[in-house]
Amino acid sequence: MQQIQHRLDEVLARLPQGVKLIAVSKFHPAAQLQQAYDAGQRRFGESRADELAAKAAALPADIEWHFIGHLQTNKVRRVAGCASMIESVDSERLLRLISAEALRAGRTIDVLLQVHVAAEESKTGFLPDELLRCAADCAALPAVKIRGIMGMATNTDDSGRIMADFKAIAATGSKLRELIPDATEVSMGMSGDWPLAVACGATMVRIGSAIFGERTPGI
Ligand SMILES: *Cc1c(COP(=O)(O)O)cnc(C)c1O
């Protein structure tokens, strides 16, 4: 118990005021999230729809759930029922579907558009120009609010490359804000690179293993 609280406090002590911490709890059991909750954490990030729905049902109702994984269209309804924010919107089709499902559920969902800047092919997201085009086309959708941008840096030890990626994400975020003034959030930075992300303008960091320890996929 003390370990999660201790790690959380360590992160919070280094995180500047005003930068939001999303505690990424994917693959960790609900009891561990409860420990972070008891230590005061209210924002959690999950990357699988079924896991999010199960944890949302089991844990306190005032948790703000952020969906951060690749969202398949057949899982949108499930996620739209419990997420406060979907950070990983990577296509216009997905965005329109989220709006339709949110409308159906009588809710409005905050979303971030995910931009792809990292070197890895495997990472998902819009190219910067596509992202801006989607934002312009979809700014008036009824049940979603575009609140900013999300991205990941290349998985590398080269801090120059990581910085360049974070700056590219933040720059796309600035252009997005010219289209949608409310789109102020810049979600970037994970356990291994978040201080660099904050230095490059992150307003939200997504930190998992530095709080909950190593993940064991499949539990
Ligand atoms: C898992 C995950 C994180 C957290 O990663 P850590 O290295 O454990 O901090 C952040 N963002 C996304 C999109 C993730 O899938």
Side-chain angles (χ1 to χ4, degrees), residues 3-4 6-15 19-30 32-33 35-36 39 41 43-53 55 63-72 75 79 83-91 94 98 110-126 131 147-159 161-162 165-166 168-170 172-173 185-219:
Q3 197 175 27
I4 287 175
H6 176 72
R7 288 177 176 152
L8 192 57
D9 287 347
E10 270 183 348
V11 170
L12 289 171
R14 294 174 62 200
L15 198 65
V19 179
K20 300 183 188 90
L21 171 63
I22 313 306
V24 176
S25 46
K26 62 190 186 199
F27 303 124
H28 292 287
Q32 290 190 11
L33 283 72
Q35 289 171 18
Q41 181 64 24
R43 294 187 179 98
F44 292 86
E46 288 286 337
S47 61
R48 296 187 304 184
D50 297 337
E51 189 176 342
L52 167 62
K55 287 176 175 170
I63 289 179
E64 191 182 294
W65 295 101
H66 288 231
F67 190 81
I68 63 170
H70 178 64
L71 181 53
Q72 292 166 291
K75 301 283 183 171
V79 170
S84 330
M85 178 178 271
I86 299 175
E87 298 201 14
S88 43
V89 175
D90 58 6
S91 75
L94 178 61
I98 293 168
D110 286 343
V111 300
L112 304 181
L113 302 182
Q114 183 173 356
V115 65
H116 176 102
V117 298
E120 292 96 336
E121 286 289 326
S122 60
K123 291 198 170 125
T124 53
F126 292 98
L131 184 146
R147 298 301 319 278
I149 197 161
M150 184 271 241
M152 273 181 261
T154 304
N155 186 8
T156 172
D157 292 334
D158 175 0
S159 57
R161 172 70 210 228
I162 296 171
D165 287 349
F166 285 146
I169 295 165
T172 306
E185 301 288 358
V186 180
S187 173
M188 58 187 189
M190 323 199 320
S191 292
D193 58 17
W194 70 264
L196 280 179
V198 168
C200 295
T203 64
M204 219 181 245
V205 292
R206 308 179 307 272
I207 300 180
S209 45
I211 296 169
F212 295 106
E214 290 307 312
R215 287 180 285 273
T216 319
I219 58 165

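Quick note: numbers below take in every heavy atom, side chains included, and nothing from hydrogens, waters or symmetry partners. In listed order, ligands and their atoms are each counted from 1.
Put simply, the side chain of Q114 does not reach to within 4.5 Å of the side chain of E87, judged on heavy atoms. Looking only at side-chain heavy atoms (C-beta outward), S88 and I86 come within less than 4.5 Å of each other.
Closer than 4.0 angstrom to ligand 1 sit non-hydrogen atoms from V24, K26, I68, M152, M190, S191, R206, I207, G208, S209, R215.
Pairs of residues two or more places apart, or lying in two chains, that qualify as side chain to side chain donor-acceptor pair (under 3.5 Å) and include a residue from residues 192-212 are E185-T203, S187-R206, S191-S209.
Remark: K55 pairs with E46, E51 by the salt bridge (Lys or Arg N to Asp or Glu O under 4.0 Å) rule, at least two apart or across chains. R14 meets the side-chain hydrogen bond (donor to acceptor under 3.5 Å, both in side chains) test with no other residue; sequence neighbours excluded.
Looking at every heavy atom in both residues, I169 comes nearest to M152 through CD1-N, 3.7 Å.
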